[in-house]
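Everything numeric in this text was worked out from a predicted model, so none of it was measured. When a residue number appears, it is its place in the shown sequence, counting from 1.
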Amino acid sequence: MKYSRTIVLLCAVLGGCVTEGDVSRRNVKESPNDAAAYNYQLGVEYLRAGKLRPARERLESSIRQNPSVATTHFTLAILYQRLDEPQLADRSFRNAIKIAPDDAAVQNSYAVHLCGQKQFKKAERYFVDAATNPIYGTPAAAWTNAGVCMLDKPDDASAERYFRRALEVDRQFASALLELAVLKFDQNNALSARAFLQRFFAAHDATAQTLLLAARVEERLADDTAFAEFSQRLQDEFPDSAEARQLRRGY
């Protein structure tokens with residue numbers, strides 16, 4: 001889960017972030033809910049700037065002033081993750097879900113957290129809940145996250161099943177295509193890996209990672225022409241990348 005992207009989106013939903021000066025000029029007679037909203041927005045701004053201590057103070061104040069806003073609990077969970085306080089993050093995620101049980105974005109993020117804590121079965125359930133939510137805008141992301149989690153378990157069969165579910169809802173979903181290409185390469189199924197990479201290149205720009213993988217796939221398939229083509233593209237398009245250096249070292 002891209003927490004920074006999540007935070008930007010949360011800020012945009014509130015109509016823009018405020019500065020500390022904006023908060024200091026607010027009406028001292030405002031309601032606790034108004035104060036909570038100001039503290040939340042300032043906490044988000046601090047979090048975006050990497051100022052974690054004041055972000056924590058503002059967000060925790062917002063919770064005390066108005067504990068019924070799921071978004072605040074969700075954002076505080078993200079902050080606790082960055083502070084490496086998994087138990088507090090878990091509590092905040094659960095509070096957010098209790099308030100907004102059908103919020104698929106919260107479910108998906110909580111599942112990512114659970115997977116990081118090696119709670120695979122519970123994480124899997126929340127990924128599926130998010131992915132099957134009919135109003136969730138990016139179910140392919142949740143299915144792909146579930147697949148990545150299963151790889152960490154490890155359970156390659158379940159991982160592949162979830163990656164393919166992602167492609168059922170979005171045939172061009174980049175992460176799922178790349179994950180399947182890597183998985184098939186690791187399983188010594190280079191032909192299948194090539195097929196997924198071809199689908200990736202047909203819909204997305206090449207990266208250093210995908211070009212190196214393509215070169216390795218073609219090397220395994222003994223296609224010298226294709227291997228040379230992808231190797232040259234990697235050196236030409238990403239000459240200073242770690243992947244280009246890896247290729248020059250022979251992996």
Side-chain angles (χ1 to χ4, degrees), residues 1-5 108-109 111-121 123-124 126-128 130-132 138-251:
M1 178 174 193
K2 313 288 183 199
Y3 296 128
S4 60
R5 180 183 173 198
N108 180 59
S109 295
V112 171
H113 169 76
L114 290 169
C115 190
Q117 299 301 308
K118 309 300 182 185
Q119 298 184 51
F120 299 112
K121 186 175 181 178
E124 190 174 9
Y126 278 104
F127 280 130
V128 172
T132 56
T138 55
W143 287 127
T144 302
N145 286 342
V148 172
C149 186
M150 292 300 99
L151 287 177
D152 194 35
K153 190 177 180 178
D155 181 349
D156 288 1
S158 293
E160 180 172 350
R161 182 174 70 253
Y162 286 131
F163 294 143
R164 290 185 181 275
R165 287 293 297 272
L167 296 179
E168 287 175 8
V169 296
D170 184 349
R171 287 182 51 81
Q172 298 179 341
F173 196 69
S175 296
L177 289 170
L178 182 55
E179 291 290 351
L180 279 166
V182 172
L183 180 60
K184 290 304 176 183
F185 180 80
D186 289 342
Q187 293 174 342
N188 292 316
N189 188 342
L191 279 174
S192 185
R194 172 196 272 173
F196 285 116
L197 280 173
Q198 288 172 337
R199 289 173 60 180
F200 177 92
F201 289 130
H204 306 282
D205 293 334
T207 65
Q209 180 186 18
T210 55
L211 289 174
L212 178 61
L213 177 60
R216 297 187 67 184
V217 166
E218 298 305 333
E219 182 181 43
R220 186 167 293 179
L221 290 171
D223 189 329
D224 294 340
T225 301
F227 170 74
E229 176 186 344
F230 284 116
S231 298
Q232 192 62 51
R233 283 190 61 188
L234 177 57
Q235 299 295 348
D236 292 343
E237 297 175 28
F238 304 97
D240 298 323
S241 66
E243 288 80 5
R245 293 193 295 272
Q246 189 176 349
L247 179 67
R248 289 193 291 270
R249 292 195 304 266
Y251 313 129

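Surrounding CG of Asp236 are more than 12 heavy atoms belonging to other residues, nucleotides or ligands, all under 6.0 Å away.
Scored by the side-chain contact (heavy atoms from CB on, under 4.5 Å) test, Ala141 finds Thr138, Phe173 as partners (sequence neighbours excluded). With sequence neighbours excluded, the residues satisfying side-chain hydrogen bond (donor to acceptor under 3.5 Å, both in side chains) with Glu124 are Tyr162. Among residues two or more places apart in sequence or in another chain, the ring-ring contact (aromatic ring centres under 6.0 Å, His included) test is passed with Phe230 by Phe201. In this structure Lys118 satisfies the side-chain contact (heavy atoms from CB on, under 4.5 Å) test together with Phe120, Asp152, sequence neighbours excluded. Applying the salt bridge (charged side-chain N to carboxylate O under 4.0 Å, His left out) test to Glu179 and every residue at least two apart in sequence or in another chain returns nothing.
We find the SG-CE distance between Cys115 and Met150 to be 6.0 Å, quoted to the nearest 0.5 Å. Taking CG of Leu211 as the start and CD of Gln232 as the end, the distance is 11.5 Å to the nearest 0.5 Å. In this structure, Gln172 CD and Phe200 CZ are separated by 11.0 Å, a value rounded to the nearest 0.5 Å. For the atom pair OG (Ser192) and CG (Leu180), the distance works out to 7.5 Å, reported to the nearest 0.5 Å. Atoms CH2 and CZ, on Trp143 and Arg161 in that order, are 8.5 Å from each other to the nearest 0.5 Å.
Residues Asn108 and Ala130 share a closest heavy-atom pair of N-CB, 3.9 Å. Pairing each heavy atom of Ala111 with each of Tyr126, the nearest pair is CB-CB, 3.7 Å. Scanning both residues, Val217 and Ala190, for their nearest heavy atoms gives CG1-O, 3.5 Å. Of all heavy-atom pairs between Leu177 and Phe196, the closest is O-CB, 3.7 Å. Taking both residues in full, the closest heavy atoms of Phe238 and Ala206 are given as CZ-O, 3.6 Å, listed atom of the first, atom of the second, then distance. What you find for Ala166 and Ala140 is that their closest heavy atoms are CB-O, 3.5 Å.
For the pair Thr207/Leu178, no side-chain contact is recorded, criterion being any heavy-atom separation below 4.5 Å from C-beta on. For the pair Asp186 and Asp156, the minimum side-chain heavy-atom distance is 4.5 Å or more.
Applying side chain to side chain contact (heavy atoms under 4.5 Å, CB included) to Glu218 and the options Asp223, Asp224, Leu213 leaves one that passes, Asp223.
Salt-bridge formation is detected for the pair Arg164/Glu160: a Lys NZ or Arg NE/NH1/NH2 atom is positioned less than 4.0 Å from an Asp or Glu carboxylate oxygen.
Sorted by first and then second residue, the pairs that involve residues 238-250 and meet side-chain hydrogen bond (donor to acceptor under 3.5 Å, both in side chains), not counting sequence neighbours, are Gln235-Arg248.
Formation of a donor-acceptor pair under 3.5 Å by the Arg199 side chain with backbone atoms of Arg171 is found in this model. One N or O on the side chain of Thr132 and one on the backbone of Val128 form a donor-acceptor pair closer than 3.5 Å.
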- Should Arg165 and Glu168 be marked as a salt bridge (charged side-chain N to carboxylate O under 4.0 Å, His left out) after you check the CA-CA gap, both sets of side-chain angles, and the distance that decides it? CA-CA 5 Å; Arg165 287 293 297 272; Glu168 287 175 8; 3.6 Å; yes

- Task: Show your working on side-chain contact (heavy atoms from CB on, under 4.5 Å) between Val148 and Phe127 and close with a plain yes or no.
- Result: CA-CA 11 Å; Val148 172; Phe127 280 130; over 6 Å; no

